[in-house]
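Notes follow the structure.
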Amino acid sequence: MTASPTRLRAVCGHDCPDMCSLRVSVEDGRITRVEGDAADPFTDGFVCAKVTRAGDLVHSPERLLRPLRRIGAKGESRFEPVGWDEALDEIARRWTAIVAEDGPAALLGYAYSAHQGKINRNLPNGLFEALGATRLIDGTVCDTCAAQAWEATVGPMSGTPPAEAARSDLIVAWGADLIATNVHFWTMIGKARRTGARLIVIDPRRTRTAARADWHLQVPVGADAALALSVMHVLVRDGACDRAWLAARAHGFDRLEAEVLPRFSPDAVEAAAGIPAPDIERLAAAYGAARAPYIRIGQGMSRNAQGGAAIRAVALLPGVVGAYGKPGGGAMVAMDSASVLAMGGLRAPSGRPAPRSVNHSRLGRALLEMDGPPIRALFVAANNPAVTCPDAGRVRRGLAREDLFTVVHTPFLNDTALYADIVLPAATYLETTDLYASYGQPRLQFAQAAKAPEGEAKSNAEVARLLARRMGLDHEAFALDDRTLIERMLGDAVADRGAFWAGEPVDLDLPRPGEVFATPTGRLEFHSEMLAAEGLPALPDWHPDPPAGPGADRRMPLRLLTAPAYFLAHTAFSGVAFLCGREGEPAVMLHPEDAAARGLADGDRVEAFNDLGRFGGLRLAVGTDIRPGTALIVGQRPGADAGGGTVNLLCGDALSDLGEGATYQDTRLDIRRAAGTGAKTGAA
Ligand SMILES: Nc1nc2c(c(=O)[nH]1)N[C@H]1C(S)=C(S)[C@@H](COP(=O)(O)OP(=O)(O)OC[C@H]3O[C@@H](n4cnc5c(=O)[nH]c(N)nc54)[C@H](O)[C@@H]3O)O[C@H]1N2
Ligand SMILES: Nc1nc2c(c(=O)[nH]1)N[C@H]1C(S)=C(S)[C@@H](COP(=O)(O)OP(=O)(O)OC[C@H]3O[C@@H](n4cnc5c(=O)[nH]c(N)nc54)[C@H](O)[C@@H]3O)O[C@H]1N2
Ligand SMILES: [Mo]
């Protein structure tokens with residue numbers, strides 16, 4: 001008879017705003033059940049379809065159990081097992097030789113968010129900093145555009161907490177597929193709706209969330225700034241602005257009103273951006289009439305050449321009607337729970353500036369073109385840039401360089417690891433002890449490892465410590481244990497240490513927009529001197545023809561829409577066959593008009609292509625979830641599922657207007673029948 005399972009507290013470590021509080025059952029060292037914590041009002045007793053399968057992730061037959069050394073060509077996937085000591089010694093020896101010849105800037109450390117807590121995310125970055133390595137400008141594939149836009153408008157602070165949305169009478173999910181990416185926010189919407197609130201979804205795609213809305217406004221990709229500015233135009237025209245609030249709490253509304261808004265009448269925006277004028281009028285009327293409207297702003301609309309202006313314009317809307325600070329009203333892109341933590345010792349133990357930095361979008365160029373010194377060694381922990389970075393073809397050509405010494409630390413042999421000289425097996429979040437800080441709710445939580453790592457896997461923190469020791473780095477950050485590091489990070493942020501160490505979620509009372517604005521003027525900034533000082537537009541605006549880089553050639557007939565997969569988190573669940581199966585094979589959706597124009601039918605094998613690359617192995621889905629002229633490719637799939645390709649082979653490395661963000665949604669492309677496959681229907 002086996003012992004009854006131990007039920008432990010844990011925290012979901014995936015890169016997701018919810019940061020669910022979990023109960024994990026462990027039996028004989030195996031995770032047998034993962035549930036949402038019923039005692040926690042935010043997690044509300046349930047977790048998403050992905051995380052119920054966290055046990056399958058931890059115990060996947062595809063887990064890496066030992067370090068590997070490459071014996072085949074780069075990318076070929078031929079490795080032999082080696083011991084940890086041998087692997088770490090080799091890394092230290094190669095790094096030491098490269099540093100002696102070219103200096104530490106010839107090393108590039110690549111560790112962005114991925115799927116673990118604060119120590120495991122940040123200590124590898126501390127290692128790179130202490131080494132003096134070239135550093136990643138982290139997050140440019142994800143949130144830096146939205147972050148700079150929000151900071152220039154509201155200030156470097158959290159948005160209106162999600163719990164407020166439950167008290168709103170009008171919730172707008174603007175470019176956010178909440179059921180897929182932030183399902184516990186959906187609970188707030190349910191609460192608000194039970195008291196009569198309405199939900200408007202603004203998204204180019206009829207998402208799961210849009211299908212359940214009171215109204216889905218199907219905007220074209222990249223037109224959000226035009227829409228938000230036009231709503232402001234109507235609010236001004238109809239005398240629906242809160243002039244008193246604007247006079248007291250805003251900066252520069254007069255400039256926007258005089259210099260920008262006159263060009264954004266609904267008719268002008270219909271003509272230039274393709275949003276029907278009656279839809280703009282309807283949105284403005286609903287927003288202007290609401291008592292306390294709440295806007296949940298997603299990141300998707302920020303990943304284009306005018307994404308920063310879009311986030312700015314949408315974040316300004318609550319100011320026009322005086323909603324910031326009203327109970328239930330406001331806006332949120334993200335919550336910054338980590339702002340209460342002291343991260344410096346962990347991330348920057350030596351306190352020196354980075355010698356050079358690399359943007360995710362330019363990783364391929366950095367590997368192929370950077371000089372003085374060139375990048376000679378790459379360490380990737382917890383990311384899969386061969387699939388997830390823009391211009392993935394260039395990334396792969398860079399990774400294929402024979403003279404590049406690459407180490408990849410990961411729980412699974414991901415596409416990036418196929419190019420590694422040394423692959424190190426990583427522990428997953430349920431196998432590590434860490435502090436978690438949410439970006440979707442004001443909260444911190446501690447979790448003890450639920451079980452020991454599988455095989456010989458080691459956590460990110462442990463690998464950072466071991467490499468620091470071998471490289472002769474004696475900073476305190478690498479000597480302290482997990483609990484001491486967490487104590488240092490916490491400072492006086494958490495009063496009840498007993499509850500904290502027992503693993504109970506700790507809700508934070510963060511400053512709210514409207515109570516304060518953390519901008520230079522202390523006001524909501526329609527006009528930003530800070531942006532002007534950087535040579536950037538001080539007022540949000542929108543143009544029908546922003547500059548186009550590689551991959552964004554407007555002569556290509558279709559515009560790409562990418563979005564997170566429902567059953568997957570980027571490529572992190574690729575070792576869970578059940579979830580990959582539920583997500584289905586990689587597919588592209590075209591509107592029936594666009595499919596017919598190409599003689600294609602639902603289920604055909606097709607490929608996507610443009611001037612940058614070709615992505616084959618796609619199944620065509622024909623549907624009306626998207627507008628004509630759009631090609632929807634959901635998720636980023638590992639090459640093994642996707643004919644070796646990734647949608648990001650087609651995406652260029654141009655940067656967004658603010659925050660140097662990626663511009664995935666600017667990609668132009670076409671779809672054709674895959675070479676060597678006949679027409680399925682026999683038509684055309
Ligand atoms: N299931 C699941 N959840 C996830 C992730 C995942 O991969 N899978 N990833 C996690 C990560 S790392 C992140 S950063 C977050 C991202 O979470 P979000 O910020 O919610 O997601 P986005 O990728 O920004 O895409 C959200 C929506 O934006 C829409 N969109 C795209 N372009 C435009 C546009 O131009 N205008 C408008 N109005 N809408 C547009 C897309 O159709 C999509 O429905 O999600 C996290 N949660
Ligand atoms: N086309 C397109 N591309 C996109 C996006 C999009 O919307 N469209 N979204 C972008 C966004 S928002 C993001 S954040 C990026 C994400 O890009 P990445 O972070 O590169 O993507 P993931 O697939 O999450 O990579 C996680 C990898 O880390 C490994 N891993 C998981 N847990 C751990 C751990 O604890 N330790 C270690 N060492 N490894 C671990 C996993 O096995 C996996 O291989 O993708 C971006 N790319
Ligand atoms: Mo992200």
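Order of appearance sets the numbers: ligands from 1, and atoms from 1 within every ligand. Throughout, numbering of the chain's residues begins at 1 and tracks the sequence. Please read all numbers here as calculations on a predicted model, not as lab measurements.
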Which heavy atom of the protein is the closest neighbour of [atom], given with residue, atom name and distance?
| atom | answer |
| --- | --- |
| atom 13 (C) of ligand 2 | His570 CE1, 3.6 Å |
| atom 19 (O) of ligand 1 | Gln299 N, 2.7 Å |
| atom 36 (N) of ligand 2 | Asn460 OD1, 2.8 Å |
| atom 35 (O) of ligand 1 | Gly222 N, 2.8 Å |

Give yes if a backbone or side-chain nitrogen or oxygen of [X] is under 3.5 Å from a nitrogen or oxygen of ligand 1, and no if not.
| X | answer |
| --- | --- |
| Arg303 | yes |
| Thr207 | no |
| Gly300 | yes |
| Thr562 | no |
| Ala180 | yes |
| Lys50 | yes |
| Cys16 | no |
| Gly175 | yes |
| Leu568 | yes |

Taking distance alone, with no angle check, do [X] and ligand 2 share an N/O pair under 3.5 Å?
| X | answer |
| --- | --- |
| Thr388 | yes |
| Asn648 | yes |
| Ala427 | yes |
| Thr410 | yes |

(request) Considering the heavy atoms of Asn414, write down every atom of ligand 2 situated less than 4.0 Å from one of them. (result)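 Going through ligand 2 atom by atom, the ones under 4.0 Å from Asn414 are 43 (C), 44 (O).
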(message) Applying ring-ring contact (aromatic ring centres under 6.0 Å, His included), can you list everything that pairs with Phe573, at least two apart in sequence or on another chain?
(response)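 ring-ring contact (aromatic ring centres under 6.0 Å, His included) list for Phe573, sorted by chain: His14.
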(request) Output all residues satisfying ring-ring contact (aromatic ring centres under 6.0 Å, His included) with Phe128, sequence neighbours left out; order by chain, then residue number. (result)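 If we apply the ring-ring contact (aromatic ring centres under 6.0 Å, His included) test to Phe128, skipping adjacent residues, the hits are Phe379.
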(message) Please work out, at 4.0 Å between heavy atoms, whether the side chain, the backbone, both, or neither of Thr571 comes within that distance of ligand 2.
(response)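 It is both parts that get close, each with some atom under 4.0 Å.
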(message) Taking 4.0 Å as the limit for heavy-atom contacts, which would you say applies to Gln116 with ligand 2: side chain only, backbone only, both, or neither?
(response)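 Only the side chain of Gln116 comes within reach of ligand 2.
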(request) Could you check which of Pro564, Ala565, Ala569 puts a non-hydrogen atom nearest to atom 21 (O) of ligand 1? (result) Pro564
(message) With a 4.0 Å cut-off on heavy atoms, is Asn120 in contact with ligand 2?
(response) no
